[in-house]
Amino acid sequence: SLPLRTKSQTLRSAIQSEELAFLMEAHDALSALIVERNGFSGIWASGLSISTALGLRDANEASWSQVVDVVERMADSTSIPILVDGDSGFGNFNNVRLLVRKLSHRGAAGICLEDKQFPKMNSFVGDRHPLAGVEEFCGRLRAARDSAGDDDFVVVARIEALIAGHGLQEALDRAHRYGDAGADAILIHSRLSDASEILGFVEAWDNKRPVVIVPTTYYRTPMQRFRSAGVSAVIWGNHNMRAAAAAMQLLCERVRRDESVADVEGEIATLKEIFELLDYAELSSAERTYLPIH
Ligand code: SPV
Ligand code: MG
């Protein structure tokens with residue numbers, strides 16, 4: 001029989017293949033399970049969504065070990081690869097080493113590191129996004145590369161030059177340096193509502209390494225534009241978290257007002273669906289194997 005592919009190998013080939021891959025955000029094991037059963041190539045362990053679910057702001061308020069714990073629960077519950085949003089690495093190269101070592105031991109398939117300073121602020125909040133020095137950030141990337149337990153662990157370098165207002169040339173210069181430092185792919189981020197600067201980057205970059213994008217603000221651009229431009233992977237960055245917040249808000253409004261769940265019962269997951277999702281049937285069969293017959 002063929003050897004099983006590791007999650008890192010699966011993520012690596014999804015990013016390197018000619019086909020456009022889609023990674024969907026999850027922020028806990030439940031959302032990760034739902035992403036898996038809907039056929040996505042992988043899971044984006046979003047820093048924004050994980051922080052939000054923990055009641056913290058996307059400004060490195062969650063500690064790196066809290067993030068690792070959430071990722072571990074997601075990885076244990078699913079079999080598709082997880083690309084972890086490692087923010088700016090929680091410090092310098094040494095913090096990156098600790099983080100990557102733990103993430104790869106706990107089942108993550110890759111990490112994305114952004115070239116900002118610690119503590120970072122979410123790219124859509126405010127105008128202060130000081131970038132890391134190129135040389136120092138390359139050290140963080142090399143440290144990530146060297147610290148994973150397996151050689152297929154994916155290291156994505158995220159460029160925040162456009163977010164910070166430094167323009168295309170700075171973004172391209174950084175992409176070249178990060179590729180030379182061993183990044184497997186470049187994530188280019190933009191906060192514009194159209195894809196102009198993303199497509200400008202992708203054209204100039206000419207696929208020297210695979211490109212990953214996060215169309216949170218430029219979501220109206222059809223995926224065909226990115227396919228023909230040669231983009232490797234699209235991350236839907238935060239949509240399960242936002243869907244959950246909207247659904248819970250609506251539910252709470254109605255139940256509070258109606259003093260009844262009768263009208264919402266048909267619109268929420270049944271307990272049967274939840275028990276299926278968590279595979280309670282497996283426990284029953286294991287009991288038949290391991291418990292004494294009574
Ligand atoms: C995240 O989902 O945490 C991201 C993407 O890093 S963004 O919020 O667009 O910066
Ligand atoms: Mg993030």
Side-chain angles (χ1 to χ4, degrees), residues 15 23 44-48 50-51 57-62 64 67 83-100 103 108 110-148 153-192 197-198 200-202 204-205 207-217 231-233 235 237-238:
I15 284 175
L23 306 184
W44 167 246
S46 154
L48 170 62
I50 290 173
S51 310
R57 289 167 292 210
D58 187 18
N60 285 132
E61 289 186 346
W64 69 269
V67 172
L83 176 63
V84 178
D85 180 357
D87 290 335
S88 55
F90 295 86
N92 69 4
F93 79 94
N94 194 39
N95 305 87
V96 168
R97 295 198 298 189
L98 291 165
L99 174 64
V100 168
L103 283 176
I111 189 170
C112 177
L113 291 171
E114 64 199 46
D115 56 357
K116 294 216 286 241
Q117 295 174 20
F118 180 89
K120 58 76 65 77
M121 171 50 78
N122 182 273
S123 303
F124 302 128
V125 178
D127 291 321
R128 232 165 33 84
H129 297 282
L131 298 187
V134 175
E135 199 66 42
E136 189 273 333
F137 186 71
C138 286
R140 283 186 237 170
L141 293 174
R142 287 188 287 109
R145 190 55 304 129
D146 294 343
S147 305
F153 191 84
V154 174
V155 176
V156 178
R158 164 168 160 178
I159 293 171
E160 290 283 287
L162 303 177
I163 297 289
H166 296 293
L168 180 60
Q169 196 51 53
E170 177 72 20
L172 286 166
D173 290 346
R174 284 176 175 258
H176 282 286
R177 296 291 301 280
Y178 301 165
D180 291 344
D184 297 300
I186 299 297
L187 190 158
I188 184 69
H189 205 20
S190 165
R191 57 195 278 179
L192 296 186
E197 60 183 11
I198 291 291
F201 175 90
V202 174
W205 175 241
N207 255 322
K208 295 196 173 60
R209 298 269 162 152
V211 173
V212 181
I213 62 170
V214 190
T216 298
T217 51
V231 169
S232 287
I235 291 173
N238 48 44

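The chain is numbered in sequence order, starting from 1.
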Do you know which two heavy atoms are closest between A171 and I188, and how far apart they sit?
-> CB-CD1, 4.1 Å

E160-S123 side chain donor-acceptor pair, cut-off 3.5 Å | yes

Show the numbers, then the answer: is there a side chain to side chain contact (heavy atoms under 4.5 Å, CB included) between I15 and D184?
-> CA-CA 9 Å; I15 284 175; D184 297 300; 5.9 Å; no

Got a second to check how far M121's CE is from K116's NZ, nearest 0.5 Å?
-> 9.0 Å

Between atom CD1 of I186 and atom CG of N207, what is the distance when rounded to the nearest 0.5 Å?
-> 11.0 Å

Interatomic spacing from CZ in R209 to CG in D180 - rounded to 0.5 Å | 7.0 Å

Heavy-atom closest pair (S190 atom, T217 atom, distance to 0.1 Å) is O-OG1, 3.6 Å

Pairs involving residues 154-180, ordered by first then second residue, that meet ring pair (Phe, Tyr, Trp, His ring centres under 6.0 Å) (sequence neighbours left out) = F137-Y178, H176-W205

Any side-chain heavy-atom pair from F90 and V67 closer than 4.5 angstrom?
-> yes

Any N60 side-chain heavy atom under 4.5 Å of S88 side chain = yes

V84 and A108 have their tightest heavy-atom pair at CG2-CB, 3.6 Å

Does a side-chain heavy-atom distance below 4.5 Å link E197 with L168?
-> no

Taking all non-hydrogen atoms of both residues, which atom of F93 and which atom of G139 are closest, and how far apart?
-> CB-O, 4.0 Å

To the nearest 0.5 angstrom, please state how far the CG atom of L192 sits from the CD1 atom of I198.
-> 8.0 Å

Determine whether K120 and D58 make a side-chain contact, defined as any pair of heavy atoms from C-beta on separated by less than 4.5 Å.
-> yes

Pairwise side-chain contact, E135 with R177, heavy-atom cut-off 4.5 Å (strictly under) | yes

So CZ of R174 and CG of L131: to nearest 0.5 Å the spacing works out to 4.5 Å

Of all heavy-atom pairs between H129 and N122, which one has the smallest distance, and what is that distance?
-> CE1-O, 3.1 Å

Please examine the side chains of E114 and I163, heavy atoms only from C-beta on, and report whether any two atoms are closer than 4.5 Å.
-> no

Just wondering, do N95 and W64 contact through their side chains at under 4.5 Å, heavy atoms?
-> no

What do the steps show when you test L187 against I235 for side chain to side chain contact (heavy atoms under 4.5 Å, CB included), and what is the final call?
-> CA-CA 10 Å; L187 190 158; I235 291 173; 3.8 Å; yes

Closest approach of C112 and L83, non-hydrogen atoms and distance?
-> N-CD1, 4.0 Å

The reported gap from CG in N94 to OG in S147 (rounded to nearest 0.5 angstrom) is 9.0 Å

More than 12 foreign heavy atoms under 6.0 Å from CZ of R145: is that the case here?
-> yes

Under the side chain to side chain contact (heavy atoms under 4.5 Å, CB included) rule, what do F118 and N92 come out as? Steps first, then yes or no, please.
-> CA-CA 8 Å; F118 180 89; N92 69 4; over 6 Å; no

Is D85 reaching over with its side chain to a backbone N or O of D87, donor-acceptor style, under 3.5 angstrom?
-> yes

Determine whether more than 12 heavy atoms belonging to other residues, nucleotides or ligands lie under 6.0 Å from atom CZ of R191.
-> yes

Using the benzene-type ring in the case of Trp, are the ring centres of H189 and F201 under 6.0 Å apart?
-> no

